[in-house]
Amino acid sequence: MSTQPVQQPAWAALTAHRTSHATTSLPALLAADSTRPERYTAQAAGIALDYSRQLIDDDILSSFEQLLEQQDMKGWQAKMFGGEAINTSENRAVLHVALRGSYNGPDANIPLEVSENQSKYFTFAEAVRSGEIKSHSGEAFTDVVNLGIGGSDLGPRLICHALADKAATPRVHFVANLDPTEMQRVLMGLNPGTTMFILSSKSYSTMETQANAEAANAWLSAHFNADAAATASIKAAHFCAVSNNVKAVSGWGISLDRCFSLPEWVGGRFSLWSAVGLSIVIAIGEKGFRELLAGAHEMDQHFLNAPVRENLPALLAILGIWNTDFLGAQTHGVISYSERLRYLPDYLQQLEMESNGKCVDRDGNAVTYATSPALFGGLGTTTQHSFFQMLHQGTHLVPLDIISISAEDNIKSYDGDTRAEDLLLFAKAQSDALAYGIEALPASLRDAWQAKPSYSHFPASRPNTRIHLEHLTPSTLGALIAMYEHKTFLQGVVWYINSFDQWGVELGKVMFGAMK
Ligand SMILES: O=P(O)(O)OC[C@H]1O[C@](O)(CO)[C@@H](O)[C@@H]1O
């Protein structure tokens, strides 16, 4: 029976490990066992996860295996993949996994509904890509702008930036913010005559997206110098929509055959796999999108079947809980050594913090332990020249995920261009510097460094996990995102919180409404 984890025997064992390991350091752990990097590396779906530079050992991992059992990991997995209403505050199932063929429950209508929806927006996206669907002035669309926020923006934005061929049309753009400047800057270079908008809002109650749709509509009618009747037909030609509230969206003037629905059981921050991914299908095609789904499906199966010590999402969940609840970390950093993964930290911020930023458990009681850390991040190497100073020599413990892709997957712009190789080398160098400090230097350099005054002292023993993708493809990106989704879900299971509602964002909306 799951309950608050602090009541479980394994939590007490972990607390005891924390005390007995108080003086353990990463250089000592790494020096004591030359097989540690190999033993503490797990692989699945094209992703290798090396957690040898985390402050854990076999005893701690064993206690976590027990904790997962005591908190009924398997039972919760079965509930989620089987379609039980585990989002109890909203009485909803949590079935984004059904969108990638991983539903395990008895309702045969669910896979049918998924494939019916998919075929509608896949067909539409391919017709936009091929130029078969034309603009008001009879031209092929060159640009598509997704208007959405939160889950209706961050996943598609991440994936399109990572995978879209920037030289091909239609190009895909994103506008999320209420600040008119964002839209103005995106639209500045675009031709209204060949620009399509996707109004993407699961609830169709998000004021930012509605306001931006009005602004986009005004931009179009100003261009066409249109009267009211013409404005309606321009809107019909240049807008499509994604929503769970198709009736309301079509009421705004988008024709029903261009309104693509997503089921109630897909949470906003898990919705990129649904019609919310329309911008992705337009950017990478149906084939690419199906590969993305297949990669996520592979990760789903891995999460369900792999033993804990080989299970990537489970390991990430464990490491996060150890660092947060036992070592006292209040933050978690994600550093991507790949421009193509620029938006990963933004995406993960919503995924992890909106899901697990909770202080009340599933029974309505206050939790007595820490839940989601603050997640932040950025790109290597640029962040090395901004906040890495604090990571190396600051007073806070900041565990990191350091993510890299193979150099051959990157651009070479001239003969002898070694930037991609050097980028990868920096990911390794930073990981070593954080974990070992100057111990990792060759002896000659180390002696010289040691002679320096205390301001150059490196405390070391700063935990980090290396996550490496041999290739960044739709499939491996799908797997990477699904891995983080399941990490987040499992942490919520252990913390005994509902990871699938977001009441914390509501009060500000109501306050705004009261002031308006
Ligand atoms: O797609 P919608 O309904 O416009 O919601 C956008 C975002 O707003 C939130 O509901 C938070 O306000 C997120 O959970 C969601 O992803």
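Both ligands and their constituent atoms are indexed starting at 1 by order of listing.
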Just by distance, do the side chain of [X] and the backbone of [Y] share a donor-acceptor pair under 3.5 Å?
X: T371; Y: K358; value: yes
X: H302; Y: L312; value: yes
X: N244; Y: L262; value: yes

Decide whether S386 and T383 meet the rule of one side-chain donor and one side-chain acceptor closer than 3.5 Å.
->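 Side chains of S386 and T383: no pair found under 3.5 Å.
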Return yes if a side-chain donor-acceptor contact under 3.5 Å exists between E208 and T206, otherwise no.
-> no
List ligand 1 atoms under 4.0 Å from [X], heavy atoms only on the residue side.
X: Q350; result: 13 (C), 14 (O), 15 (C), 16 (O)
X: T206; result: 2 (P), 3 (O), 4 (O), 5 (O)
X: G151; result: 15 (C), 16 (O)
X: G150; result: 16 (O)

In the protein, which heavy atom is nearest to atom 3 (O) of ligand 1, and how far is it?
-> S203 OG, 2.6 Å
Nearest protein heavy atom to atom 11 (C) of ligand 1, by residue and atom, and its distance?
->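 Going atom by atom, the protein heavy atom closest to atom 11 (C) of ligand 1 ends up being V505 CG2, 3.5 Å.
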Backbone or side chain, does any N or O of S201 fall under 3.5 Å from an N or O of ligand 1?
-> yes
Could an N or O of ligand 1 be found under 3.5 Å from any N or O of K202, whether backbone or side chain?
->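 N/O-N/O distance under 3.5 Å: yes.
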Selected option - heavy-atom contact closest to [atom], from [options]:
atom: atom 14 (O) of ligand 1; options: E354, E506, M207; result: E354
atom: atom 7 (C) of ligand 1; options: L147, I149, L154; result: I149
atom: atom 10 (O) of ligand 1; options: R269, Q210, K509; result: K509

Side-chain touch F303/E485, heavy atoms, less than 4.5 angstrom | no
Pick out which of L158, L154, I159 makes a side chain to side chain contact (heavy atoms under 4.5 Å, CB included) with L272.
->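 Looking at L158, L154, I159, the match for L272 under the side chain to side chain contact (heavy atoms under 4.5 Å, CB included) is I159.
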Picking from F270, F81, W76, what satisfies ring-ring contact (aromatic ring centres under 6.0 Å, His included) with H486?
-> F81
